[in-house]
Number of protein chains: 2
Amino acid sequence: MANQAAGGGHRAAPVHTDPEEVSVLTALSAVSDPVRITLIRELAGSADWTRSCGSFDVPVGKAALSHHFSVLRGAGLVEQRDEGPRRVNRLRREEFEERFPGLLDLLLREDGAADAE
Amino acid sequence: MANQAAGGGHRAAPVHTDPEEVSVLTALSAVSDPVRITLIRELAGSADWTRSCGSFDVPVGKAALSHHFSVLRGAGLVEQRDEGPRRVNRLRREEFEERFPGLLDLLLREDGAADAE
DNA sequence: CCGAGTGTTCGATGGATATCTTACAGTCCC
DNA sequence: GGGACTGTAAGATATCCATCGAACACTCGG
């Protein structure tokens with residue numbers, strides 16, 4: 001009875017945003033973060049629905065991680081589904097590609113300049 | 001005698017960064033700002049070397065504007081040249097496009113979702 | 001039912017950065 | 001030379017946002 005009140009608990013079904021209604025600024029901001037870039041890359045290297053949130057190799061705690069996934073959902077980049085006690089992910093490749101052509105490729109194709117070298 | 005010391009003065013020739021040595025993260029960060037997006041769009045709508053820094057319609061003071069141009073230079077997006085008392089700009093379309101294919105188009109093509117509407 | 005495992009929410013903190021104000025350095029024109 | 005104009009530099013402030021710690025919610029297996 002009456003969930004969603006105080007505290008937390010993750011069974012409220014993740015809120016998703018369709019890439020179609022995401023602004024360029026939102027998309028770019030979502031993608032301008034080292035941790036999130038890593039998440040996207042690892043996600044791209046795995047089959048859909050095979051990676052739970054905790055399975056990523058990033059140097060942040062659960063709370064921050066949860067936040068990052070929330071941002072990714074809000075940008076229409078990631079879809080989540082509850083599977084037993086864990087939340088599994090899927091990169092919305094095609095949908096996102098259609099809304100922001102080439103953007104995902106940029107992130108995945110990375111090769112050059114490492115920032116400060 | 002001896003310029004570049006304290007204070008300011010803008011005749012030290014702007015420092016440019018080649019798009020080729022810009023990291024994806026730097027590029028994306030540079031482009032994740034409303035003011036800078038506006039600058040890029042206005043710049044794209046004008047011929048090369050026809051726009052001085054002060055000629056853009058953005059709601060910030062000179063100092064902030066100067067900062068934004070510095071960021072854009074650092075991302076290899078804009079080239080500047082001193083022309084008399086003013087500093088004129090040019091969007092490095094092709095160079096940037098080659099390093100980050102599609103990114104510029106994304107910014108210019110903007111049509112959909114306005115963020116908060 | 002209890003404990004381990006997973007992930008979310010809240011509140012607080014810290015760091016990055018966008019902004020302003022003030023001061024300064026050039027260029028041009030009278 | 002003096003002034004108007006353009007832009008940069010430096011310092012202070014403000015705001016945003018990534019992060020953490022703790023508390024909680026939910027699932028699953030004994």
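Quick note on labels: first sequence line is chain A, next is B, and so on, each numbered from 1. Values below: all heavy atoms of this structure, side chains included; hydrogens, waters and symmetry mates excluded.
- Here the C1' atom of nucleotide D/dG21 and the CG atom of A/L65 are 16 Å apart, to the nearest Å.
- To the nearest angstrom, C1' of D/dT6 lies 13 Å from CG of B/N89.
- Listed by first and then second residue, the side-chain hydrogen bond (donor to acceptor under 3.5 Å, both in side chains) pairs involving residues 57-67 of chain A amount to none (not counting sequence neighbours).
- We find the CD1-CZ distance between B/I40 and B/F96 to be 7.0 Å, quoted to the nearest 0.5 Å.
- The interatomic distance linking B/D82 (CG) with D/dG7 (P) rounds to 9 Å, in whole Å.
- Evaluated for a side chain to side chain contact (heavy atoms under 4.5 Å, CB included) with A/R92, the options A/E79, A/R99, A/E98, A/R73 yield exactly one hit, A/E79.
- Rounding to the nearest 0.5 Å gives a distance of 10.5 Å between CG of B/L91 and CG of B/L39.
- Atom-to-atom, CG of B/L72 to P of C/dA18 comes out at 11 Å; the value is rounded to the nearest Å.
- Rounded to whole Å, the distance from CD on A/E83 to C1' on C/dG5 is 15 Å.
- The CG-P distance, from B/L39 to D/dG7, rounds to 12 Å in whole Å.
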Could you list the protein-to-nucleotides 19-21 of chain C atom pairs, N/O on both sides, closer than 3.5 Å?
unit_1, atom_1, unit_2, atom_2, d
C/dT19, OP2, B/H68, NE2, 2.2
C/dC20, OP2, B/G61, N, 2.8

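- Using a 4.0 Å cut-off on heavy atoms, the residues of residues 50-58 of chain B that approach DNA chain D are B/S52, B/C53, B/G54, listed by number.
- Phosphate contact (OP1/OP2 of D/dC26, side-chain N/O of A/R87, threshold under 4.0 Å): absent.
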Worksheet item: Could you go step by step and tell me if A/R90 and A/E95 meet the salt bridge (charged side-chain N to carboxylate O under 4.0 Å, His left out) rule?
Response: CA-CA 12 Å; A/R90 158 186 172 267; A/E95 304 135 274; 2.8 Å; yes

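- A/R81 has its CZ atom 17 Å from the C1' atom of C/dT6, to the nearest Å.
- Residues forming a side-chain contact (heavy atoms from CB on, under 4.5 Å) with B/P101 (at least two apart in sequence, or on another chain): A/L106, A/R109, B/E97.
- Contact annotation: B/R86 side-chain N/O to C/dT27 OP1/OP2 distance is not under 4.0 Å.
- Nearest to the side-chain atoms of B/P85 among the listed nucleotides C/dC28, C/dG7, D/dG7 stands C/dC28.
- Shown here are the salt bridge (Lys or Arg N to Asp or Glu O under 4.0 Å) partners of B/R36, two or more places apart in sequence or in another chain: there are none.
- Atom pair B/R73:CZ and D/dT8:C1' shows a separation of 10 Å (rounding to whole Å applied).
- Applying the ring-ring contact (aromatic ring centres under 6.0 Å, His included) rule to pairs touching residues 26-61 of chain B yields B/F56-B/F69, sequence neighbours excluded.
- Side-chain atoms of B/S32 never come within 3.5 Å of backbone atoms of A/S32 as a donor-acceptor pair (strictly under, hydrogens ignored).
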